[in-house]
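Heads up, the thing below is written out as structure tokens.
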Amino acid sequence: MRTASFGASSTQVPLVGQGTWNIEQSRERDAIAALRAGINAGMTHLDTAEMYGSGQAERLIGRAIQGESRDALFLVSKVLPQNASREGTIRACDRTLRRMNTNYLDVYLLHWRGGSRLEETFEAFDRLKADGKIRAYGVSNFDVDDLEEALSIAGPGQITCNQVLYHLKKRSIEHAVIPFCLRHRIAVVAYSPFGSGNFPSLRRGGGKILQAIAERRSVSPYQVTLAFLIQKGGVFTIPKAAELNHVAENAAAADLMLTGSEIEEIDRAFPLGGDRRLPLL
Ligand code: NAP
């Protein structure tokens with residue numbers, strides 16, 4: 001599994017990790033088997049949130065990582081903006097740690113900007129760091145103006161990552177968010193790389209191009225997509241997969257290197273578009 005250093009840190013993180021939104025909708029033993037298979041295949045970056053299944057996704061991760069070496073995992077969760085006050089953030093993190101059956105998170109994120117006061121949220125994040133409950137913190141769904149504000153409050157090097165929507169039909173972050181993050185050494189984590197299951201039809205338009213590249217390379221169009229999203233550099237991705245064959249494909253996609261002309265074909269088939277605003281789900 002290819003890795004890269006995460007933001008300004010020297011921590012090596014796999015380019016392809018595992019999302020867990022809606023994973024609690026699978027049978028528990030299937031969800032756990034999928035997460036374990038992913039970890040064994042190198043997808044040790046596990047992304048969750050207190051919001052997902054009202055804590056159920058965090059609990060599933062807690063069960064899936066039993067017996068794993070904690071140091072080998074990269075665990076990320078998110079606090080809801082309505083809980084992200086000075087004291088509320090600490091309480092939310094404690095609940096998350098209990099559900100995940102761990103004593104620290106590698107990264108704790110503010111799920112979206114919402115109405116929380118960043119000064120309070122970041123003060124709480126700093127306290128959690130000092131107490132050893134989180135190693136680093138970051139944000140999610142932040143556009144450039146929010147990132148500028150966040151950096152001015154937290155200080156340089158403190159915002160480890162920005163987790164944002166990024167897939168072939170929603171490439172707006174390429175305009176300004178990715179360049180800003182690269183400049184400030186903030187890792188970009190691409191969520192919903194398959195459009196939350198709304199994948200392009202393989203029978204027409206850009207989907208046919210993906211299919212053709214996939215056939216030439218003996219891989220799946222989903223693998224071509226992941227390879228495209230991570231290949232330009234600075235981007236990690238966290239597909240969610242509850243099916244074991246999907247898990248195996250996603251892990252293998254990290255090692256698929258597309259040629260320059262394949263990248264150009266995909267670029268043309270799924271144009272970047274002019275909308276510079278951060279896309280939200
Ligand atoms: P996604 O990863 O874009 O798509 C998931 C869907 O794709 C599932 O139906 C899955 O099926 C299917 N799939 C996965 N691998 C596949 C493969 N190789 N071939 C065919 N189908 C495949 O959707 P997402 O859950 O929206 O996004 C991923 C993660 O990003 C989330 O789980 C969450 O952790 C994070 N996220 C964060 C935010 C935020 O606001 N920060 C928002 C949304 C998502 P099976 O499950 O049946 O295998």
Side-chain angles (χ1 to χ4, degrees), residues 5-9 11 13 17 19 21 45 47-52 76-90 92-93 96 105-129 134-167 169-193 195-196 229-230 232-238 272-281:
S5 49
F6 200 72
S9 77
T11 310
V13 173
W21 186 26
H45 173 179
D47 178 77
T48 190
E50 61 172 342
M51 186 186 97
Y52 299 166
V76 179
S77 192
K78 314 183 192 82
V79 59
L80 284 164
Q82 58 264 39
N83 290 340
S85 63
R86 196 179 281 113
E87 295 305 325
T89 304
I90 309 280
C93 184
T96 284
L105 294 174
D106 292 277
V107 186
Y108 199 30
L109 305 177
L110 174 60
H111 205 147
W112 63 88
R113 183 70 179 82
S116 81
R117 294 191 57 237
L118 291 183
E119 290 84 353
E120 286 201 21
T121 309
F122 293 167
E123 200 183 306
F125 282 165
D126 281 331
R127 228 166 88 199
L128 290 168
K129 253 171 98 169
I134 65 172
R135 291 265 161 97
Y137 63 84
V139 293
S140 177
N141 297 300
F142 269 41
D143 213 333
V144 168
D145 51 348
D146 291 320
L147 286 170
E148 279 170 343
E149 189 188 345
L151 278 182
S152 75
I153 295 167
Q158 295 303 310
I159 309 287
T160 296
C161 78
N162 186 22
Q163 189 181 117
V164 281
L165 178 66
Y166 186 41
H167 58 79
K169 294 192 274 187
K170 289 275 165 76
R171 294 177 55 193
S172 309
I173 62 164
E174 289 182 36
H175 286 292
V177 172
I178 293 181
F180 182 94
C181 288
L182 288 179
R183 256 197 327 277
H184 293 276
R185 302 183 67 205
I186 296 170
V188 176
V189 177
Y191 73 68
S192 304
S196 302
L229 297 178
I230 58 177
K232 290 179 184 171
V235 176
F236 299 79
T237 189
I238 44 167
L272 172 55
D275 190 353
R276 300 175 64 85
R277 283 167 308 159
L278 176 77
L280 294 171
L281 268 181

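Start at 1 with the first residue, then count along the sequence.
There is a side-chain donor-acceptor pair under 3.5 Å between Asn141 and Tyr191.
Partners of Arg117 under the side chain to side chain contact (heavy atoms under 4.5 Å, CB included) rule, at least two apart in sequence or in another chain, are Glu119, Glu120. Under the rule for a side chain to side chain donor-acceptor pair (under 3.5 Å), the partners of Arg86 that lie at least two apart in sequence or sit in another chain are Glu123. Ala190 meets the side chain to side chain contact (heavy atoms under 4.5 Å, CB included) test with Tyr166, Val235, Thr237; sequence neighbours excluded. Under the ring pair (Phe, Tyr, Trp, His ring centres under 6.0 Å) criterion, His184 pairs with Phe180, not counting sequence neighbours. In this structure, the side chain to side chain donor-acceptor pair (under 3.5 Å) partners of Glu149, at least two apart in sequence or on a different chain, are Arg113. For the side chain to side chain donor-acceptor pair (under 3.5 Å) test, residues two or more places apart in sequence or in another chain that qualify with Tyr52 are Lys78. Under the side chain to side chain contact (heavy atoms under 4.5 Å, CB included) criterion, Ala187 pairs with Phe6, Cys161, Phe236, sequence neighbours left out. Every residue two or more places apart in sequence or in another chain was checked for a side chain to side chain donor-acceptor pair (under 3.5 Å) with Thr160, and none qualifies. By the ring pair (Phe, Tyr, Trp, His ring centres under 6.0 Å) test, His167 is found to be paired with no residue, residues two or more places apart in sequence or in another chain being considered. Legend: residues meeting ring pair (Phe, Tyr, Trp, His ring centres under 6.0 Å) with Phe122, ordered by chain and number and at least two apart, are Tyr137. Listed by chain and residue number, Val79, Thr89, Leu110, Ser116, Thr121 satisfy the side chain to side chain contact (heavy atoms under 4.5 Å, CB included) test with Ala84 (two or more places apart in sequence, or in another chain). Residues satisfying the salt bridge (charged side-chain N to carboxylate O under 4.0 Å, His left out) test with Arg171, not counting sequence neighbours, are Glu174, Asp267.
The two residues Gln163 and Ser140 have their closest heavy-atom pair at O-OG, 2.9 Å. Across all non-hydrogen atoms, the minimal contact from Gly114 to Pro81 is CA-CB, 3.9 Å. Listed here is the closest heavy atom pair of Phe125 and Tyr108: CE2-CD2, 3.3 Å.
To the nearest 0.5 angstrom, Leu128 atom CG is 13.5 Å from Arg135 atom CZ. Taking CG from Asp106 and OG from Ser77, the interatomic distance works out to 11.5 Å, rounded to the nearest 0.5 Å. In this structure, CG on Leu118 lies 4.5 Å from CD1 on Ile153, to the nearest 0.5 angstrom. The CG atom of Leu165 sits 8.5 Å away from the OG atom of Ser172 when rounded to the nearest 0.5 Å.
The shortest side-chain heavy-atom distance between Leu80 and Trp112 falls under the 4.5 Å cut-off. Using a 4.5 Å cut-off on side-chain heavy atoms (C-beta onward), Ile134 and Val107 make no contact. For the pair Glu148/Phe142, no side-chain contact is recorded, criterion being any heavy-atom separation below 4.5 Å from C-beta on. Contact of the Thr11 side chain with the Val13 side chain is registered, since non-hydrogen atoms from C-beta on lie closer than 4.5 Å. Residues Lys129 and Gln158 form a side-chain contact, since some pair of their non-hydrogen atoms from C-beta on lies under 4.5 Å apart. Counting heavy atoms from C-beta on, the side chains of Asp47 and Val189 never come closer than 4.5 Å. No side-chain heavy atom of Val76 sits less than 4.5 Å from a side-chain heavy atom of Leu105. Taking the side chain as every heavy atom from C-beta outward, Arg127 and Ile90 approach each other to under 4.5 Å.
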Could you walk me through whether Val139 and Leu147 satisfy the side-chain contact (heavy atoms from CB on, under 4.5 Å) test, starting with their C-alpha distance in whole Å, then the side-chain angles of each, then the deciding distance to 0.1 Å, before giving a yes or no?
CA-CA 8 Å; Val139 293; Leu147 286 170; 3.9 Å; yes
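Asn162 pairs with exactly one of Val177, Leu109, Asp146 by the side chain to side chain contact (heavy atoms under 4.5 Å, CB included) rule, that one being Val177.
Side-chain atoms of Asn83 do not come within 3.5 Å of backbone N or O of Gly88 as any donor-acceptor pair.
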